[in-house]
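Taking it in order: structure first as structure tokens, then the write-up.
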Amino acid sequence: MLLLMCGMSKLLIANWKMNPVLPSEAVSLANKIGASAKKHRNVSIGIAPSFVHIPLLHKPKTLWLGAQDVFWENPENGGAFTGEVSLQMLKNLGVSFVIVGHSERRKNLGETDEVINKKLKMLVGSNFFNILCVGEPLSIRSKGFAAAKKYVANQLKIDLKGVNNFHKLGVVAYEPIWAIGTGKSDNPELASEMAEYIKKLTGADVLYGGSVNAKNAESFLEKPLIAGALVGGASLNSEEFSKIIEIASKL
Ligand code: PGA
């Protein structure tokens, strides 16, 4: 995955969140996105379904299979961690990347930067590719862009504390919280400026996420400093997501 990232191609990640509800719908969506990926091999495309659907989508040929979270402990022989899923379990199902620190987990489950740091240490220590999500709430952004930068820098400082060589195994997804699922995407110029700032701080490539759709995808993806997109809502509609793939393939 990382080798693909090093080329000119853009990386598109479909974050399905707690969707779709039916297993058959997840299989069908993956097949449709997979078919579109087959036509545009110059784009790196990953899907992150719910844990329960991962075994049904075992190693789709043209897609990277990912998970939306992982536990920070990874004992080889399992362990007493009720409700959790280990990296080893995911690897056994053909998963090749993990999303960490999504704002919905930070908000709904109280996932702290310290918890995210533990997960990243485990993932990078296991040589596993990951996507770290950061981004400011509206209350911060309304104080200005400088305040947003400071907020994100602070998240990164804690999330990546003691995580060596993160940039070799991870990308950062900049997702302003107020832009997620609201239809109010960020200004592409400012998203690009934030991507440049994050790259300077971490050395890692940066994706943009937050209400990316077929209409606005080009305005983000055409920015050289934006390596790709993390797409939620629009990735649940195969036609819409295929359009985004097509746009990325032409850049
Ligand atoms: P959205 O979600 O595209 O629906 O705004 C993005 C995300 O939460 O990763």
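Counting starts at 1 for both ligands and their atoms, following the listed order. Just the heavy atoms: all of them, side chains too, but no hydrogens, waters or symmetry mates, feed the values below.
Using a cutoff of 4.0 Å between basic side-chain nitrogens and carboxylate oxygens, E189 and K223 are scored as salt-bridged. One finds a salt bridge joining D69 and K119 here, because a Lys/Arg side-chain nitrogen approaches an Asp/Glu carboxylate oxygen to under 4.0 Å.
Remark: K91 NZ is packed, more than 12 non-hydrogen atoms of other residues, nucleotides or ligands lying under 6.0 Å away.
The parts of I180 lying near ligand 1 are both backbone and side chain, judged by heavy-atom distances below 4.0 Å.
Using the six-membered ring where Trp is involved, F97 and F129 have ring planes that are perpendicular, over 60° apart on the 30 and 60° scheme.
In this structure, CZ on F51 lies 10.5 Å from CG on L93, to the nearest 0.5 angstrom. Taking NE2 from H102 and CG from N108, the interatomic distance works out to 10.0 Å, rounded to the nearest 0.5 Å.
Every atom of ligand 1 with a heavy atom of G181 under 4.0 Å away is listed here by number and element: 1 (P), 4 (O), 5 (O). Annotation for ligand 1: atoms under 4.0 Å from non-hydrogen atoms of E175 are 6 (C), 7 (C), 8 (O), 9 (O). Annotation for ligand 1: atoms under 4.0 Å from non-hydrogen atoms of G210 are 5 (O). Close approach of ligand 1 to L230 (heavy-atom distance below 4.0 Å) involves ligand atoms 9 (O). For ligand 1, the atoms lying closer than 4.0 Å to a non-hydrogen atom of K17 are 2 (O), 6 (C), 7 (C), 8 (O). Close approach of ligand 1 to H102 is summarised as follows: ligand atoms under 4.0 Å from at least one heavy atom of the residue are 7 (C), 8 (O), 9 (O). When each atom of ligand 1 is checked for a heavy atom of G233 under 4.0 Å away, the hits are 1 (P), 3 (O), 4 (O).
Scanning all protein heavy atoms for the shortest distance to atom 3 (O) of ligand 1 gives G232 N, 2.8 Å.
A donor-acceptor pair under 3.5 Å is absent between the side-chain atoms of S192 and the main chain of P188, judged by distance alone.
Within the structure, the closest approach of G209 to ligand 1 does not fall below 4.0 Å when heavy atoms are considered.
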